[in-house]
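Scope of the values below: all heavy atoms of this structure, side chains included, with no hydrogens, waters or symmetry mates.
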Number of protein chains: 4
Amino acid sequence: MARTIDDNKIARIRQAALEMVVNSGYGGASISSIAQNAGVAVGYLYRFYPGKSELVHDLFYRTLKDLADKLEQILDDKHSFEEVLESLIRSIFEKANKQPEQIKFLYVLMHDYSFRMENEMRDRIYRLCRLMIEKGMKVGLIGPEIDEEQIFLLSVAYPLQFINMRMKNLFYQSDLSEKEIAATYSICLKSLSA
Amino acid sequence: MARTIDDNKIARIRQAALEMVVNSGYGGASISSIAQNAGVAVGYLYRFYPGKSELVHDLFYRTLKDLADKLEQILDDKHSFEEVLESLIRSIFEKANKQPEQIKFLYVLMHDYSFRMENEMRDRIYRLCRLMIEKGMKVGLIGPEIDEEQIFLLSVAYPLQFINMRMKNLFYQSDLSEKEIAATYSICLKSLSA
Amino acid sequence: MARTIDDNKIARIRQAALEMVVNSGYGGASISSIAQNAGVAVGYLYRFYPGKSELVHDLFYRTLKDLADKLEQILDDKHSFEEVLESLIRSIFEKANKQPEQIKFLYVLMHDYSFRMENEMRDRIYRLCRLMIEKGMKVGLIGPEIDEEQIFLLSVAYPLQFINMRMKNLFYQSDLSEKEIAATYSICLKSLSA
Amino acid sequence: MARTIDDNKIARIRQAALEMVVNSGYGGASISSIAQNAGVAVGYLYRFYPGKSELVHDLFYRTLKDLADKLEQILDDKHSFEEVLESLIRSIFEKANKQPEQIKFLYVLMHDYSFRMENEMRDRIYRLCRLMIEKGMKVGLIGPEIDEEQIFLLSVAYPLQFINMRMKNLFYQSDLSEKEIAATYSICLKSLSA
DNA sequence: GATGAATGAGGCTTCATTCAT
DNA sequence: AATGAATGAAGCCTCATTCAT
């Protein structure tokens, strides 16, 4: 009888929040600017989230979950360690080209001391890194000193760093094409090798 | 004499600002809390900086300059590429152990889309990376595909990532001792190698 | 049939509003919480009242009218002044035991400078007090200096005060039984006596 | 060196808050209206109180304390029960003539279910009522059935009721002069008498 | 008739900045 | 020179009210 809820609107709120946090930081992303960019009233946002903090934390969680889901799927689908690594890096680059805000957002919040990932998510990612290590060890592509931390840093954090450095146009380049995927993969593989 | 007192105060302001930004984020670092922690009056702070933004940007600049100075000095002092790389990584780890706030501060702001380094600084760092590459190429320790970007990412950003991951205690470890320096150096070297 | 359902709903709205105002104050009684407690939609409420203020004012009016009706009925039924006074006090106590919200509501709004009773109601209550005085004077139970104001204060406001002080448990007691009715009646009678 | 704090301003804030609460209720007394009436900036208010609630509770406490102090002083100064009762009632009337807002404020909040007096204050007032009873009992002016509650209701709450009824001009009168003091005293004394 | 999604004015509070002392 | 009292814009959030369905 009443208007039905507009799924579009909540999606727009999330997208606007993502963009504002990336461009202005958490503090600079005001609720009113998010609402304005999303084209909704300020109050509407509070039907879905009890506050700004919860909104951004939820976005952080969703973005991390997307990443973990992707990695899990890759580990399921791909058989060789090299395929897994290449697919992971490729999927991160592809997302960076298709949805750059999501990658920027992940990058920004992962490096913020106020946003820690929840234990459950951390453990999940830890386990997925463990699986990668096992895959790599079996075929001797990974040195015995590599642990979960380093897998994460090199196969996830390093590509993110690279991509964002390009997006920030730090050193005069901004391409994110096959050439960059190959270079990143090569560096990552070398760094992990025995 | 009056000069000395002032130098002290402004140094205290900078230290307090650094700590507040690291511990509470840019938004949470209020001018009044910075002044209080520094033991100066709010108004005093405004004699040196036109506003909060300029204060933090100046700190960011100074921290980057410290890093660049260090790298420059290492490039002057050390002759082999391996020595340079090892010294750089070691100096970052040492600073992390002695002045963790500075390392955290650098880490946090380097990854913030609202804080970009000035062109002059960027060019200086670019040139220093260029010098490292040349040193490495000459002795064949660096592959031909490695550019300034990757040098920066692997010899500076990667150690920072590693250190802060430990400081955040992401994967249940927090040590930053010789063992970690060696492992970081090893990974970095492998990733750059031809 | 439709009429019956509506009567039910509007009655539930009124009851919910009463309770919310008593328990959370006028400001804390939000329209949506009233609607929720009444089990109706927010919009439904606006079919009967143009706004929150009108709803609460109407409740205030109705509660006062109940009191006036009761007093009028007592004046009709009872012959002696003492009977009238006793019955009035007793009926207030009984309502406090059966429907404490109504008594609390009356108490709260009667003492609020933003809620004044309408002139018509004021005049009606004034006339009823006049009748009580006349009844009391005739048998010499009321002193010549007693006017309508004092009758109202002592036979209505004082019992309300007493009851609510007990309900607030101000001085460690909360009983509202025969003993309290008798004591209140006694005090009231003494205070009015010649 | 900096401006010295302006005691006048905080007094004006308190007075403005008192008036706003009386005239518009707690909810209607907005911080901005209080600040405006006091002639200070909104933020200035927060130098003295952490929030609106604390401001109003403090005013409530101060007003109750004034009353208790006055009663205590009267009990010290005056010897006979009659003198005490008369002085108390007179002092309430005098305050009503000189500072009507304070009396209205006390009246409004004493009857609000959200504002309860603190235990310490309650106990103090309880003890003072106890002292009055003892004074009255000794000379047989108070009936044996009178307890602290009734003393409070009749010697404090009743005069407040009377005064505020006049101030609201409920029954067409608004005088608060000697005649009214005498009538109130007479009624109060009769109601307590053995 | 009924619903509840959607709005936005307005409330509380914070804090960067100014300036009288 | 140095202080910190004072300001008020701007942020977060609530909720009375409207209106599409």
Side-chain angles (χ1 to χ4, degrees), chain A residues 1-7 9-10 13 27-36 39-55, chain B residues 2-3 5-6 9 27-36 39-55, chain C residues 2-3 5-6 9 27-36 39-56, chain D residues 1-7 9-10 13 26-36 39-55:
Chain A
M1 309 239 185
R3 255 167 287 186
T4 49
I5 213 156
D6 192 339
D7 280 343
K9 284 190 178 174
I10 173 68
I13 288 171
S30 74
I31 287 287
S32 75
S33 69
I34 292 171
Q36 191 155 43
V40 301
V42 180
Y44 191 61
L45 202 147
Y46 289 89
R47 291 191 137 278
F48 303 100
Y49 293 103
K52 173 177 159 174
S53 168
E54 288 83 358
L55 164 57
Chain B
R3 212 58 194 97
I5 290 172
D6 283 1
K9 281 192 179 176
S30 75
I31 287 287
S32 75
S33 68
I34 291 170
Q36 189 156 43
V40 303
V42 188
Y44 188 78
L45 197 149
Y46 280 88
R47 302 183 69 62
F48 299 95
Y49 291 104
K52 176 175 159 177
S53 168
E54 288 83 359
L55 165 57
Chain C
R3 217 49 200 103
I5 289 172
D6 284 1
K9 281 192 180 177
S30 75
I31 288 286
S32 75
S33 68
I34 291 170
Q36 189 156 42
V40 303
V42 187
Y44 188 79
L45 197 150
Y46 280 87
R47 302 184 67 66
F48 299 95
Y49 292 103
K52 176 174 159 176
S53 168
E54 289 81 359
L55 164 57
V56 180
Chain D
M1 305 243 190
R3 256 167 285 186
T4 49
I5 214 156
D6 192 340
D7 280 344
K9 285 190 176 173
I10 174 67
I13 288 171
Y26 178 79
S30 75
I31 288 287
S32 75
S33 69
I34 291 171
Q36 191 155 43
V40 301
V42 181
Y44 190 63
L45 203 147
Y46 288 88
R47 292 192 136 277
F48 303 100
Y49 293 103
K52 174 176 159 177
S53 168
E54 288 83 358
L55 164 57

Q: Can you measure from CD1 (A/I10) to CZ (A/R47) and round to the nearest 0.5 angstrom?
A: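 Interatomic distance, A/I10 CD1 to A/R47 CZ, rounded to 0.5 Å: 11.5 Å.
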
Q.
With nearest nucleotide decided by heavy atoms, which residue, A/S32 or B/G43, maps closer to the 5′ end of DNA chain F?
A.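 Mapping each residue to its closest nucleotide by heavy atoms, the 5'-most match is B/G43.
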
Side-chain N or O of [X] less than 4.0 angstrom from OP1 or OP2 on [N]?
X     : N     : result
B/Y44 : F/dT3 : no
D/K9  : F/dT7 : yes
D/R47 : F/dA5 : yes

Across the strands shown, which category fits [X] at heavy-atom distances under 4.0 angstrom: base, sugar-phosphate, nothing?
X     : answer
A/I31 : sugar-phosphate
C/G51 : sugar-phosphate
D/A29 : sugar-phosphate

Q. Looking at D/Y26, does the NZ or CZ of D/K52 lie under 6.0 angstrom from its six-membered ring centre and within 45 degrees of the ring axis?
A.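 D/K52 over D/Y26 ring: yes.
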
Between atom [atom1] in [X] and atom [atom2] in [N], what is the gap in whole Å?
X     : N      : atom1 : atom2 : value
D/K52 : F/dT14 : NZ    : P     : 15 Å
C/E54 : F/dT17 : CD    : C1'   : 12 Å
B/Y49 : E/dA16 : OH    : C1'   : 17 Å
A/I34 : F/dC12 : CD1   : P     : 8 Å
D/L55 : E/dT13 : CG    : P     : 10 Å
C/Y46 : E/dG4  : OH    : P     : 16 Å
D/F48 : F/dT7  : CZ    : P     : 10 Å
A/R3  : E/dA5  : CZ    : P     : 10 Å

Q: May I have the step-by-step check of side chain to side chain contact (heavy atoms under 4.5 Å, CB included) for A/Y46 and A/L55, ending in yes or no?
A: CA-CA 9 Å; A/Y46 289 89; A/L55 164 57; over 6 Å; no

Q.
For E/dC19, give the paired nucleotide (Watson-Crick: N1-N3 plus N6-O4 or O6-N4; G-U: N1-O2 and O6-N3; both under 3.5 Å), or none.
A. F/dG4

Q | Side-chain touch B/Y49/B/I31, heavy atoms, less than 4.5 angstrom | A | no

**Q.** Given DNA chain E, 5'-ward residue of the pair A/D6 and B/S30, judged by closest heavy atom
**A.**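 On the 5' side of the pair lies A/D6.
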
Q. So which one's nearest nucleotide on DNA chain E is more toward 5', D/S33 or A/I5?
A.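 Going by which nucleotide is closer to the 5' end, it is A/I5.
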
Q) More than 12 non-hydrogen atoms from neighbouring residues, nucleotides or ligands closer than 6.0 Å to CD on B/E54, yes or no? A)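 Counting neighbours around CD of B/E54, more than 12 heavy atoms of other residues, nucleotides or ligands fall under 6.0 Å, so yes.
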
